[in-house]
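Heavy-atom basis, side chains included; hydrogens, waters and symmetry copies ignored. Being a predicted model, the structure only gives us computed values, none of them experimental.
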Amino acid sequence: MKTAAYSIIKWVVRRNSSPVQAEETTRNGCVAPISVNVILMAFMVCKMLMIPSINKDIDKKIKAMDPDWTEYLEGYYQLIHAGAEIKNSATYAEPCRHVLDKIQAKLPQLDIDTGRNIWILKRAALSGGRDIICMDRVKKIIKFVQSHDSRHVEKKWVIQKYIERPFLIYNTKFDMRQFFLVTAWNPLTIWYYKENYICMSSQPFNLENLDNSIHLCNRAVQMQFKNCPTRHPELPEDNVWSNRKLQEYLCMIGAENVWEDVMVPGIKKIIYQTMQVSQNKVTHRKNSFDIYGADFMFSENFNPWLIEINSRPDMSSPTAVTGVIFKSILEDTIKVIIDRKKDPNCDIGAYELIQKQVHYYQGVNDKRYSLWEYIIIGIYIKG
């Protein structure tokens, strides 16, 4: 509902902006125009979920409405998917710009959406790309999930908003596997691995076709497909690049600084914050450690977006690129876990310590306090 609302509002803004942007919303003359009420219902969704007020006139119109949400979604599908027109959309162009500005200030994901409302469904606790599918109709999503639930066992699903505007390599989707090591949970101690790799799709990117060969970069999935014969010749036959090859590509397109300035800092920040919010849920045993494989995609402005984190990431079926990385990460993990106990300054290979947290202590209602906060609280209570 929210994504549909944002998409409708963005459409109105583009449609009534510059000729170039208006051209992006070229209409299908064979589809009947839809009522301007779809804009008011989009405003209503924004008002319910994010923005307290649009303006007095629109707030009054919304209050008087008895919305038909089935009609709203059908109107959205007609507009964005079928190419319908909204009658008199210019009437609401300025309020839409005002609302869009407010949404953009609160919703970072707005820039990675085209408005097609695509979602990716994954069966929980499965690996290797099994039972993953992209869909863009809510009724089909519900039907799909229900059809895969047996009478006796209700399966769990992860349903994520799909990144519709990713950064592409030669018009091909890819994601990055980033390894990291956690050697302690209190204090939280995280090691970032500087050598990683990217996996690509075998087909050119296309939002009109939601086939897995286009949208799932998992190697186990892509090995089932033949590479598109007309794709760019610089793309690798096995659909795997090292991060160093990615950096070469960034230099070639004039973005030589984004790896160090945008991508890597963003990845490190996301890894730390994700582990931090998981910290209270992990029972840590002394002299134990965990290697994780985080999967990232990047937006068109190179910002990283976390897709998922895999515990005990697969290191079988190596390629020419991954075989070297798998071997080195195992050797370097031993250096960090064992050698460093005897010599804190020893060689740790491609690992980099990105966070060693100050000890924290559990307080009332699971609130987390640092040692210094406990001292301050104690002084305050005594005083």
Side-chain angles (χ1 to χ4, degrees), residues 1-17 21 24-25 34-55 58-84 86 89 92-122 133-146 157-166 207 210 215 270 277 297 299-301 303 305-308:
M1 298 287 277
K2 281 198 298 184
T3 308
Y6 306 151
S7 302
I8 291 165
I9 290 166
K10 285 166 76 173
W11 182 93
V12 175
V13 171
R14 286 201 308 270
R15 186 63 169 162
N16 297 281
S17 295
Q21 288 181 306
E24 295 173 3
T25 60
I34 57 178
S35 168
V36 76
N37 281 349
V38 75
I39 301 175
L40 292 174
M41 285 191 274
F43 284 150
M44 185 180 285
V45 172
C46 293
K47 198 171 185 302
M48 286 190 296
L49 299 172
M50 185 175 289
I51 299 166
S53 175
I54 312 297
N55 65 41
I58 290 176
D59 289 349
K60 191 175 179 180
K61 288 181 181 179
I62 288 173
K63 194 172 181 180
M65 287 184 74
D66 181 18
D68 181 333
W69 295 115
T70 302
E71 180 186 328
Y72 161 74
L73 281 179
E74 282 307 312
Y76 156 76
Y77 289 129
Q78 287 295 306
L79 179 71
I80 303 298
H81 289 244
I86 299 178
S89 66
Y92 292 100
E94 199 51 45
C96 282
R97 288 189 190 95
H98 170 70
V99 170
L100 191 60
D101 287 342
K102 286 190 173 184
I103 294 170
Q104 283 178 321
K106 294 185 177 184
L107 193 72
Q109 284 187 313
L110 196 67
D111 289 338
I112 58 173
D113 259 345
T114 64
R116 293 193 62 82
N117 221 339
I118 300 171
W119 296 76
I120 186 164
L121 288 71
K122 310 176 184 182
I133 189 170
C134 292
M135 307 185 86
D136 60 6
R137 298 270 180 163
V138 67
K139 286 183 179 178
K140 289 183 179 179
I141 291 172
I142 294 169
K143 185 177 179 181
F144 177 84
V145 170
Q146 289 175 340
W157 293 84
V158 175
I159 304 181
Q160 291 175 280
K161 184 69 194 66
Y162 186 70
I163 296 173
E164 298 174 17
R165 293 177 60 186
L207 292 178
L210 299 184
H215 299 284
I270 290 170
V277 298
M297 286 177 60
S299 62
E300 291 175 342
N301 57 0
N303 284 319
W305 287 86
L306 177 64
I307 306 171
E308 63 183 16

- Item | Inter- and intrachain pairs under side chain to side chain donor-acceptor pair (under 3.5 Å), touching residues 62-72, at least two apart | none
- Atom CG of L79 and atom CD1 of I8: how far apart are they, to the nearest 0.5 Å? 6.5 Å
- Query: Which atom pair, heavy atoms only, marks the closest approach of V12 to A93?
  - Reply: CG1-CA, 4.0 Å
- S89 vs I39 side-chain heavy atoms within contact, under 4.5 Å: yes
Listing, residues 97-112 side-chain donor-acceptor contacts under 3.5 Å, not counting sequence neighbours, or none:
from, atom 1, to, atom 2, distance (Å)
R97, NH1, E94, OE1, 3.1
R97, NH2, N16, O, 2.6
K106, NZ, M50, O, 3.2

- Verdict with supporting geometry, W119 and K161, side-chain contact (heavy atoms from CB on, under 4.5 Å): CA-CA 5 Å; W119 296 76; K161 184 69 194 66; 3.7 Å; yes
- Message: Test of understanding: with salt bridge (charged side-chain N to carboxylate O under 4.0 Å, His left out), list the residues that count as partners of K122, not counting sequence neighbours.
- Response: E308
- Considering non-hydrogen atoms only, spot the tightest contact between I62 and K47 and give its length. CD1-CD, 4.3 Å
- Shortest non-hydrogen contact between I58 and P95, atoms and distance: CD1-CB, 3.4 Å
- Heavy-atom closest contact (E164 atom, I118 atom, distance): OE2-N, 2.9 Å
- Message: Could you check whether any side-chain heavy atom of K10 comes within less than 4.5 Å of a side-chain heavy atom of R14, counting everything from C-beta outward?
- Response: yes
- Message: Go through it in stages, so that I can follow the logic: the residues are N117 and D136, the test is side-chain contact (heavy atoms from CB on, under 4.5 Å), and I'd like the CA-CA distance, side-chain angles, deciding distance and then a yes or no.
- Response: CA-CA 6 Å; N117 221 339; D136 60 6; 5.5 Å; no
- Item | Minimal non-hydrogen separation, C46 against A5, with atom names | SG-CB, 4.3 Å
- Taking atom CD1 of I133 and atom CD1 of I120, what is their separation to the nearest 0.5 Å? 10.0 Å
- Query: Looking at side-chain heavy atoms only, is the closest gap between Y92 and I9 below 4.5 Å?
  - Reply: no
- Can you find a side-chain donor-acceptor pair between N303 and W305 that sits under 3.5 Å? no
- Show the numbers, then the answer: is there a side-chain contact (heavy atoms from CB on, under 4.5 Å) between E74 and I34? CA-CA 10 Å; E74 282 307 312; I34 57 178; over 6 Å; no
- Item | Distance, nearest 0.5 Å, that separates CG of L210 from NZ of K140 | 9.0 Å
- Query: From F144 CZ over to I141 CD1, what is the distance, rounded to the nearest 0.5 angstrom?
  - Reply: 10.0 Å
- Determine the minimum heavy-atom distance between M65 and N37, stating which atoms define it. CE-O, 4.2 Å
- Message: Can you confirm whether Y162 sits close enough to H215 that some side-chain heavy atom of one is under 4.5 Å from a side-chain heavy atom of the other?
- Response: yes
- Have a look at Y76 and tell me which of H81, M41, M1 forms a side chain to side chain contact (heavy atoms under 4.5 Å, CB included) with it. H81
